[in-house]
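A short worksheet on the structure shown next.
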Amino acid sequence: MAAHIEHLVTSGQFSLDGGTWDVDNNVWLVGDDHEVVVVDAAHDADAIAEAVGERRLVAIVCTHAHNDHIDAAPALAERTGAPIWLHPDDLPLWKQTHPDRLPDHWLADGQVIEAAGADLTVLHTPGHAPGAVCLYDPGLGTVFTGDTLFSGGPGATGRSYSHFPTIIDSIRDRLLALPPDTVVRTGHGDTTTIGAEAPHLQEWIARGH
């Protein structure tokens, strides 16, 4: 059976710089009937474990280390034995949420994470966070963008560890270079495509946020 994508929405809170907001997060599962990868273990380890079911959880991949994307990762890892992967540049953010538990492995640009015939290539796309990554699978025609690119524009860059010119560079150089029909599966909200977002790059730059 070929790899396919499953989608789960979990709810919780995002906290940074002294503020807290209620958020809904997209959790993505990529795999088949036997093994699966989880992209962003957000908020609810029980719900994610239920979605994984009896399958082997190969990896818990964090697109970045804001608390709403990683808060359930250690509990899910403990239940399943799966390793947590994070880009090392996001370790300071990770420690704000999990000071006593390090990720198991460090993501690197160009690395490929394999499960069930899926090949997820790591694209380091800093800006929303220093260690933000996207995961691109040409075979599935999709890219998991975390909070780097949404339907309607770049992720937020108004808080600590974020930088607007950097996220624009990441989107222009790494994401908009992908085929236009590539489906963009985001950390929050609706999916979109590279082709739908690419024409708006100059608008985003002009808005400057």
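Just so we're clear, the structure is a prediction, and the values are computed from it rather than from any experiment. These values consider heavy atoms only, across backbone and side chains, with no hydrogens, waters or symmetry-generated copies.
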If you measure only the distance, is there a donor-acceptor pair under 3.5 Å linking the side chains of [X] and [Y]?
{"X": "Glu197", "Y": "Thr192", "result": "yes"}
{"X": "Thr20", "Y": "Ser15", "result": "yes"}
{"X": "Arg185", "Y": "Thr142", "result": "yes"}

Judged by atom type as modelled, is there a donor-acceptor pair below 3.5 Å linking the side chain of [X] to the main-chain atoms of [Y]?
{"X": "Ser162", "Y": "Thr157", "result": "yes"}
{"X": "Glu203", "Y": "His200", "result": "no"}
{"X": "Glu35", "Y": "Ala116", "result": "yes"}
{"X": "Thr145", "Y": "Thr148", "result": "no"}

May I ask you to test the [X]-[Y] pair for a side-chain heavy-atom distance under 4.5 Å?
{"X": "Asp137", "Y": "Phe144", "value": "no"}
{"X": "Asp109", "Y": "Arg174", "value": "yes"}
{"X": "Leu140", "Y": "Asp119", "value": "no"}
{"X": "Phe150", "Y": "Asp190", "value": "no"}
{"X": "Val37", "Y": "Leu120", "value": "yes"}
{"X": "Leu135", "Y": "Val122", "value": "yes"}
{"X": "Leu91", "Y": "Leu102", "value": "yes"}
{"X": "His98", "Y": "Ile70", "value": "yes"}

Can [Y] be reached from [X] by stepping across I, L, V, M, F, W or Y side chains whose heavy atoms are under 4.5 Å apart?
{"X": "Phe164", "Y": "Leu149", "result": "yes"}
{"X": "Val184", "Y": "Leu175", "result": "yes"}
{"X": "Tyr136", "Y": "Val39", "result": "no"}
{"X": "Leu57", "Y": "Trp85", "result": "no"}
{"X": "Val36", "Y": "Leu8", "result": "yes"}

Pair Asp100 + Lys95: basic N to acidic O under 4.0 Å: no

Ionic contact status for Arg55 with Glu6, cut-off 4.0 Å: yes

To the nearest 0.5 Å, what is the distance between [atom1] ([X]) and [atom2] ([Y])?
{"X": "Leu123", "Y": "Leu178", "atom1": "CG", "atom2": "CG", "answer": "6.5 Å"}
{"X": "His128", "Y": "Asp147", "atom1": "NE2", "atom2": "CG", "answer": "4.0 Å"}
{"X": "Asp90", "Y": "Cys62", "atom1": "CG", "atom2": "SG", "answer": "9.0 Å"}
{"X": "Leu16", "Y": "Trp21", "atom1": "CG", "atom2": "CH2", "answer": "6.5 Å"}
{"X": "His43", "Y": "Asp68", "atom1": "NE2", "atom2": "CG", "answer": "5.0 Å"}
{"X": "Ile48", "Y": "Asp40", "atom1": "CD1", "atom2": "CG", "answer": "9.0 Å"}

Side chain to side chain contact (heavy atoms under 4.5 Å, CB included) evaluation trace for His87 with Trp94: CA-CA 10 Å; His87 193 282; Trp94 171 275; over 6 Å; no

Greater than 12 external heavy atoms within 6.0 Å of Glu78's CD: no

Flag if over 12 foreign heavy atoms under 6.0 Å of CD, Glu50: no

Taking all non-hydrogen atoms of both residues into account, name the closest pair between [X] and [Y] and its distance.
{"X": "Leu86", "Y": "Ala65", "value": "CD1-CB, 3.9 Å"}
{"X": "His124", "Y": "Ala132", "value": "CD2-O, 3.2 Å"}
{"X": "Ala3", "Y": "Ala115", "value": "CB-O, 4.5 Å"}
{"X": "Ala45", "Y": "Ala75", "value": "CB-CB, 3.8 Å"}
{"X": "Asn26", "Y": "Gly189", "value": "ND2-O, 3.0 Å"}
{"X": "Asp104", "Y": "Ala82", "value": "OD2-O, 4.2 Å"}

Residues Arg56, Asp32; criterion salt bridge (Lys or Arg N to Asp or Glu O under 4.0 Å); working and verdict: CA-CA 10 Å; Arg56 182 172 78 92; Asp32 61 11; over 6 Å; no

Worked check of side chain to side chain contact (heavy atoms under 4.5 Å, CB included) between Arg172 and Leu201: CA-CA 8 Å; Arg172 181 184 59 232; Leu201 178 65; 3.8 Å; yes

Output field: ring centroids His188/His69 closer than 6.0 Å: yes

Aromatic ring proximity, centroids under 6.0 angstrom, Trp28 and His7: yes

Derivation and outcome, side chain to side chain contact (heavy atoms under 4.5 Å, CB included), residues Glu114 and Val112: CA-CA 6 Å; Glu114 301 176 25; Val112 178; 4.0 Å; yes

Parallel, tilted or perpendicular: ring planes of His64 versus His66, cut at 30 and 60 degrees: perpendicular

Derivation and outcome, side chain to side chain donor-acceptor pair (under 3.5 Å), residues Thr10 and Asn25: CA-CA 5 Å; Thr10 58; Asn25 284 62; 5.4 Å; no

Side chain to side chain contact (heavy atoms under 4.5 Å, CB included) assessment of Asp181 paired with Ile194: CA-CA 6 Å; Asp181 59 353; Ile194 293 296; over 6 Å; no

